[in-house]
A.B. asks: 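Quick one: this structure, given as structure tokens, is what I'll be asking you about.
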Amino acid sequence: MIILETRELTRRFHEVVAADRVTFTIESGEVFGLLGPNGAGKTTVIKMLTTLLPPTSGTALIAGFDIRRQPNEVRRLIGYVPQMISVDGDLTGSENLRVFARLYEVPRRERRTRIDEALELMGLTDAGSKVVRSYSGGMIRRLEIAEAMLHRPPLLFLDEPTVGLDPIARDAVWFHLRDLKSQYGTTILLTTHYMDEADELCDRVAIMHLGRIAATGTTAGLKTSMGRPDATLDDVFERYAAGAIESGGTFRETARARRTLRRLS
């Protein structure tokens, strides 16, 4: 069953077309990766799909609800973990979750159980009573995923969930994302610059270039299409994002990424 479908989704900022007639579908229970260099339009697409940014034209359906005409219904069905940190470092993990439980309108009688389950699912039970400022970068990311899952949405958006994390912390996040899929059947759309991450986690990927979808398919299928037995996803990325890799994004994007790296380190 298709849970997400974009239809010619477009966003312009004056003369700049950040997302240009983006069209793809995601099946329920799938992990779908949106890949591309900085400035390719990935975050713009996610902001439109999470109703934070209105499309200039086109639209998308999430579980049959239109992001333009039915944004409230869409928000009830999704969780979103942005690239920038979204937790309060002066609160404990449990206190952060209580705040989000209220924001998501989780029934009062269910909040304690939901919070305990979320902490356990993300491997944070022993850290729930600790102030988040004492958490490692990987623990912060897992807490943010726990927050986004409190209302048990069928679709979760993750914008570069492991940026700035060391290999051990990345592996921990990967482990818990697989748990979300296996235990709850959660559909996940994630963006990442790490090709090994996309290869490891994603059922399918779409590669964006200059605001457009340049290629879509399974990682195995895209590698096979290169015509070489030793082809990697990096090779696929270079083919379809050629000409954009050197740019490395804008000053604002670079500064934002570096701030996130510092805060997670």
Side-chain angles (χ1 to χ4, degrees), residues 1-7 9 11 18-19 22-36 38 40-55 58-68 70-87 100 103-104 118 121-122 140-163 165 170 173-174 176-181 184-194 197-198 201-208 213 216 253 256-257 260 264:
M1 181 181 72
I2 293 174
I3 191 170
L4 188 154
E5 177 183 5
T6 69
R7 299 174 177 175
L9 195 61
R11 176 66 196 197
V22 172
T23 300
F24 61 86
T25 60
I26 300 178
E27 296 283 338
S28 181
E30 190 173 26
V31 179
F32 189 89
L34 199 56
L35 314 181
N38 288 335
K42 306 183 300 297
T43 297
T44 297
V45 169
I46 282 188
K47 285 185 176 179
M48 287 189 286
L49 293 175
T50 55
T51 74
L52 296 175
L53 185 68
T59 193
L61 302 178
I62 293 179
F65 294 107
D66 191 293
I67 61 169
R68 303 183 76 171
Q70 299 163 295
N72 290 334
E73 287 82 354
V74 167
R75 290 175 195 135
R76 294 189 185 99
L77 294 171
I78 64 173
Y80 175 43
V81 180
Q83 186 180 141
M84 298 299 290
I85 291 176
S86 57
V87 293
F100 272 76
L103 289 174
Y104 283 130
L121 181 65
M122 288 294 117
I140 291 171
R141 275 291 187 249
R142 284 185 276 142
L143 179 62
E144 291 175 317
I145 295 170
E147 289 175 341
M149 291 300 298
L150 273 175
H151 59 307
R152 297 175 181 168
L155 177 58
L156 179 63
F157 293 91
L158 303 171
D159 196 359
E160 298 193 35
T162 62
V163 64
L165 302 185
R170 288 177 66 203
V173 172
W174 291 1
H176 292 292
L177 289 179
R178 291 192 196 97
D179 257 8
L180 281 180
K181 180 179 177 179
Y184 293 99
T186 307
T187 305
I188 299 172
L189 188 158
L190 64 86
T191 72
T192 181
H193 286 294
Y194 302 127
E197 181 163 86
L201 292 177
C202 297
D203 299 298
R204 288 188 303 131
V205 300
I207 299 175
M208 291 193 69
I213 299 292
T216 307
E253 289 164 343
R256 182 181 64 186
T260 302
L264 285 175

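Bear in mind the structure is a predicted one, so any value in this text is a computation, not a measurement.
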A.B. asks: Give the C-alpha distance, both sets of side-chain angles, the deciding distance and a yes or no for side-chain contact (heavy atoms from CB on, under 4.5 Å) between L158 and I188.
C.D. replies: CA-CA 7 Å; L158 303 171; I188 299 172; 3.8 Å; yes

A.B. asks: From L77 CG over to I3 CD1, what is the distance, rounded to the nearest 0.5 angstrom?
C.D. replies: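 That separation rounds to 7.5 Å.
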
A.B. asks: With no hydrogens and no angle check, is any side-chain donor or acceptor of D203 less than 3.5 Å from a backbone partner on E30?
C.D. replies: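 Looks like no, no N/O pair under 3.5 Å.
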
A.B. asks: How close do I78 and T50 get, heavy atom to heavy atom, and via which atoms?
C.D. replies: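 Heavy-atom minimum between the residues: CD1-CA, 3.7 Å.
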
A.B. asks: Please report the shortest heavy-atom distance between R7 and E5, naming the atom on each side.
C.D. replies: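 R7 and E5 have their closest heavy atoms at NE-OE2, 3.4 Å.
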
A.B. asks: Test side-chain contact (heavy atoms from CB on, under 4.5 Å) on H193 and V163 and set out the steps.
C.D. replies: CA-CA 8 Å; H193 286 294; V163 64; over 6 Å; no

A.B. asks: When you compare the side chains of T43 and Q83, does any donor N or O come within less than 3.5 Å of an acceptor on the partner?
C.D. replies: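 Not at all, the side chains of T43 and Q83 share no donor-acceptor pair under 3.5 Å.
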
A.B. asks: For T59, give me all partners under side-chain hydrogen bond (donor to acceptor under 3.5 Å, both in side chains), at least two apart in sequence or on another chain.
C.D. replies: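 Scan of T59 (side-chain hydrogen bond (donor to acceptor under 3.5 Å, both in side chains), adjacent residues dropped) gives D66.
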
A.B. asks: Quick one, L201 and R178 - any side-chain contact, counting heavy atoms below 4.5 Å?
C.D. replies: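 Answer yes - side chains close enough.
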
A.B. asks: Looking at E73 and R75, is there a salt bridge between them, counting it only when a charged N and a carboxylate O are closer than 4.0 Å?
C.D. replies: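 No, this pair does not count.
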
A.B. asks: Using modelled atom types and a 3.5 Å cut-off, is there a donor and acceptor pairing between side-chain atoms of R141 and backbone atoms of L165?
C.D. replies: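 Pair absent, no side-chain N/O of R141 close to backbone of L165.
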
A.B. asks: Can you tell me how far the OH atom of Y184 sits from the CG atom of L121, to the nearest 0.5 Å?
C.D. replies: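 Going from the OH atom of Y184 to the CG atom of L121 covers 5.5 Å.
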
A.B. asks: Hey, can you tell me if Y80 and F157 have their rings parallel, tilted or perpendicular (30° and 60° cut-offs)?
C.D. replies: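 It falls in the perpendicular class, over 60°.
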
A.B. asks: Can you name the nearest heavy-atom pair linking V22 to V45, along with the distance?
C.D. replies: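 Where V22 meets V45 most closely, the heavy atoms are CG2-CG2, 4.2 Å.
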
A.B. asks: Write down the atom of V173, the atom of R142, and the distance for their closest heavy-atom approach.
C.D. replies: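 Scanning both residues, the minimum pair turns out to be CG2-CG, 4.2 Å.
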
A.B. asks: So how far is it from I145 CD1 to L156 CG, rounded to the nearest 0.5 Å?
C.D. replies: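 One gets 7.0 Å once the value is rounded to the nearest 0.5 Å.
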
A.B. asks: Passes side-chain contact (heavy atoms from CB on, under 4.5 Å), I140 versus E144? Steps please.
C.D. replies: CA-CA 6 Å; I140 291 171; E144 291 175 317; 4.1 Å; yes

A.B. asks: Do any N or O atoms from the side chain of K181 and from the backbone of V31 form a donor-acceptor pair under 3.5 angstrom?
C.D. replies: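 The answer is no, because no donor-acceptor pair under 3.5 Å joins these two groups.
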
A.B. asks: For the side-chain contact (heavy atoms from CB on, under 4.5 Å) test, which of T6, L9, T44 pairs with P55?
C.D. replies: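 For P55, the side-chain contact (heavy atoms from CB on, under 4.5 Å) test succeeds with only one of T6, L9, T44, which is L9.
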
A.B. asks: Less than 4.5 Å apart, any side-chain heavy atom of T187 and any of L4?
C.D. replies: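 Counting from C-beta outward, T187 and L4 never come under 4.5 Å.
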
A.B. asks: Does a side-chain heavy-atom distance below 4.5 Å link F100 with L143?
C.D. replies: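 Heavy-atom side-chain distance check fails, nothing below 4.5 Å.
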
A.B. asks: Go through N72 and F65 one step at a time and tell me if the side-chain contact (heavy atoms from CB on, under 4.5 Å) criterion holds.
C.D. replies: CA-CA 9 Å; N72 290 334; F65 294 107; over 6 Å; no

A.B. asks: To check you understand the geometry: which heavy-atom pair defines the closest contact between R11 and M48, and what is its length?
C.D. replies: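 So the two residues come closest at CB-SD, 3.6 Å.
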
A.B. asks: What distance separates M208 CE from L35 CG, expressed to the nearest 0.5 Å?
C.D. replies: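 If we round to the nearest 0.5 Å, M208:CE and L35:CG are 10.5 Å apart.
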
A.B. asks: Distance from K47 atom NZ to K42 atom NZ, nearest 0.5 Å?
C.D. replies: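 K47 NZ to K42 NZ: 12.5 Å, rounded to 0.5 Å.
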
A.B. asks: Is the closest side-chain heavy-atom distance between S86 and E147 below 4.5 Å?
C.D. replies: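 The answer is yes, as the side chains (C-beta and beyond) meet within the 4.5 Å cut-off.
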
A.B. asks: Quick one: CZ on F24 to OG1 on T216, what's the gap to the nearest 0.5 Å?
C.D. replies: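 Spacing of CZ (F24) from OG1 (T216) equals 8.5 Å.
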
A.B. asks: Would you check if I62 and L155 make a side-chain contact, meaning some heavy-atom pair closer than 4.5 Å?
C.D. replies: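 The answer is yes, as the side chains (C-beta and beyond) meet within the 4.5 Å cut-off.
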
A.B. asks: On the ring face of Y194, is R170 found with NZ or CZ under 6.0 Å from the centre and within 45° of the axis?
C.D. replies: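 Yes; both conditions hold, so R170 lies above the ring face of Y194.
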
A.B. asks: Looking only at non-hydrogen atoms, find the nearest pair between C202 and F32 and report the distance.
C.D. replies: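 Smallest interatomic distance, heavy atoms only, reads SG-C, 4.2 Å.
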
